[in-house]
Amino acid sequence: MALEIYLDLFSQPCRSVYIFAKKNNISFEFNKVSLFEGEQYGERFGNINQVRKVPAIKDGDFCLSESTAIMKYMAEKFQTPDHWYPADLKKRARVNEYLSWQHMNVRMHGAKMFWLKLMIPKMGVEVPKEKMDGALEDLNNSLNLIEEKFLQDKPFIAGEQISLADLVAIVEVMQPVGAGLDVFKGRPKLRTWQERVRTEIGPELFDEAHERILGAEEMAKTMDDSMLQAFKPKILRFFM
């Protein structure tokens, strides 16, 4: 029975899982779960993941959620090349260090900028300038740490080769880009790293995975406003 992966490529963690599986030639059945249409709340997906979030996988009778857990599972089950999740104790620790840090830092701040800059105004809500300025400052602080602490003078976060840390990082860094924010402006180290990661992943796969998010501004222009109303109270509570 083929591995089933439940994804919406609008989601950063979904893109990392998708890229990892495709790059490593892992055979899987792609099951799209449209977040904006609320499909994560349907009965079918609820049987896969009670948390109601993507990504999620079903491998036989085994279900698993959380993108980093999923990629570690796939790395071990399918024996992907060691550089993704190194056996070397210190290199693996570096990967785990980044994966542990990113949740409440670049992930949170990049997603917040995406919603404040693009989707919340689509809901008809004006974002105060001080709120936007604060969110941008928080994001820049996280980007500074990626450059100064995690990358330093290395080509990749864990050293000389790409790892899960780079994959998780790049999808989060690209999220505010989808809202029209040039996060690479004035950051040659971050831009060079992004280009390096895109090359390692493969430009075609990288661009395919990011096609929806990089088309978000155009999508927002034609989106039915009613699609967002069900999420409005939760989104405003979380980001405003």
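Residue indices begin at 1 and follow the sequence shown. From a predicted model like this one, the values you see are computed outputs, not experimental measurements. No hydrogens, no waters, no symmetry mates; every other heavy atom, side chains included, goes into these values.
Residues Leu7 and Val33 are not in side-chain contact: their nearest non-hydrogen atoms beyond the backbone lie 4.5 Å or more apart. At a threshold of 4.5 Å between non-hydrogen side-chain atoms, the residues Arg191 and Asp182 count as touching. Ile201 has its side chain within reach of Leu167: a pair of non-hydrogen atoms, C-beta onward, lies under 4.5 Å apart. Taking 4.5 Å as the limit, some side-chain heavy atom of Phe45 sits within range of a side-chain heavy atom of Val54. Side-chain contact between Asn47 and Cys63 is absent, with no heavy atoms from C-beta onward closer than 4.5 Å. Within the 4.5 Å cutoff, side-chain heavy atoms of Pro155 are placed close to those of Glu160. With a 4.5 Å cut-off on side-chain heavy atoms, Trp193 and Asp166 count as touching. Annotation: side chain of Thr80 is in contact with side chain of Ile26 (closest heavy-atom distance under 4.5 Å).
Tyr6 has its ring centre no less than 6.0 Å from the ring centre of Phe30. Ring to ring, Trp115 and Phe238 are not that close: their centroids are 6.0 angstrom or more apart.
Ion pairing of Arg107 with Glu172 is present here, as a side-chain N (NZ or NE/NH1/NH2) and a carboxylate O approach within less than 4.0 Å.
His83 places no side-chain N or O within donor-acceptor distance of the main-chain N or O of Gln161, the cut-off being under 3.5 Å. When atom types are taken as modelled, the side chain of Lys112 and the backbone of Ala135 share no donor-acceptor pair closer than 3.5 angstrom. Between the Lys23 side chain and the Glu200 main chain, a donor and an acceptor come within less than 3.5 Å of each other. Side-chain atoms of Asp8 come within 3.5 Å of backbone N or O of Leu35 as a donor-acceptor pair.
Side-chain contact, Gln175 with Arg15: a donor N or O sits under 3.5 Å from an acceptor N or O.
Hydrophobic clustering, with ILVMFWY side chains joined whenever heavy atoms are under 4.5 angstrom apart, groups Leu205 together with Met74. Linking Ile, Leu, Val, Met, Phe, Trp and Tyr residues whenever their side-chain heavy atoms come within less than 4.5 Å places Leu214 and Val183 in a single cluster. Put simply, Met113 and Met108 are part of two different groups of oily side chains (I, L, V, M, F, W, Y) that touch within less than 4.5 Å, one to the next. Both Ile5 and Phe62 belong to a common hydrophobic cluster when Ile, Leu, Val, Met, Phe, Trp and Tyr are linked at side-chain heavy-atom distances under 4.5 angstrom. Clustering ILVMFWY residues whenever any of their side-chain heavy atoms sit less than 4.5 angstrom apart, transitively, puts Ile48 in a cluster other than the one holding Leu3.
How far OH of Tyr98 is from CD1 of Ile146: 4.0 Å, rounded to the nearest 0.5 Å. In this structure, the separation between CG on Leu99 and CZ on Arg94 is 13.0 Å, given to the nearest 0.5 Å. Atoms CG and NZ, on Leu164 and Lys72 in that order, are 8.0 Å from each other to the nearest 0.5 Å. Note: Gln12 CD to Gln102 CD = 9.5 Å, rounded to the nearest 0.5 Å. Here Glu126 contributes atom CD and Met240 contributes atom CE; the two are 9.0 Å apart, rounded to the nearest 0.5 Å. The distance from the OG1 atom of Thr222 to the CD atom of Glu218 is 8.0 Å, given to the nearest 0.5 Å.
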Verdict with supporting geometry, Asp59 and Lys77, salt bridge (charged side-chain N to carboxylate O under 4.0 Å, His left out): CA-CA 11 Å; Asp59 190 12; Lys77 173 167 182 174; 2.5 Å; yes
Trp101 and Phe150: CA distance, side-chain angles, deciding distance, ring-ring contact (aromatic ring centres under 6.0 Å, His included) verdict: CA-CA 10 Å; Trp101 171 82; Phe150 293 103; 4.8 Å; yes
Candidate pair Asp133 and Lys129, rule salt bridge (charged side-chain N to carboxylate O under 4.0 Å, His left out), full reasoning: CA-CA 6 Å; Asp133 289 346; Lys129 182 178 184 300; 2.6 Å; yes
Stepwise side-chain hydrogen bond (donor to acceptor under 3.5 Å, both in side chains) check, Tyr18 with Glu208: CA-CA 10 Å; Tyr18 179 78; Glu208 176 198 348; 2.3 Å; yes
Full working for salt bridge (charged side-chain N to carboxylate O under 4.0 Å, His left out) between Asp82 and Lys91: CA-CA 10 Å; Asp82 181 76; Lys91 288 181 181 179; over 6 Å; no
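Heavy atoms from other residues, nucleotides or ligands lying under 6.0 Å from CD of Glu217 number more than 12. Summarising the local packing, CD of Glu97 is surrounded by more than 12 heavy atoms from other residues, nucleotides or ligands at distances under 6.0 Å. By the 6.0 Å contact criterion, CD on Gln152 is enclosed, its count of non-hydrogen atoms from other residues, nucleotides or ligands being greater than 12. Around the NZ atom of Lys53, the shell of radius 6.0 Å holds no more than 12 heavy atoms that belong to other residues, nucleotides or ligands.
Here the closest heavy-atom approach between residue Lys122 and residue Ala220 is recorded as NZ-O, 2.6 Å. When all heavy atoms of Leu9 and Cys14 are compared, the pair lying nearest together is CD2-O, 4.1 Å. Here the closest heavy-atom approach between residue Pro86 and residue Val95 is recorded as CD-CG2, 3.9 Å. Nearest heavy atoms, Ser142 versus Asn105: OG-C, 3.4 Å. Here the closest heavy-atom approach between residue Gly110 and residue Pro176 is recorded as O-CD, 3.9 Å.
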Side-chain donor/acceptor pairs under 3.5 Å, residues 37-44, sequence neighbours excluded:
unit_1: Glu39; atom_1: OE1; unit_2: Ser34; atom_2: N; d: 2.9
unit_1: Arg44; atom_1: NH2; unit_2: Asn31; atom_2: OD1; d: 3.3

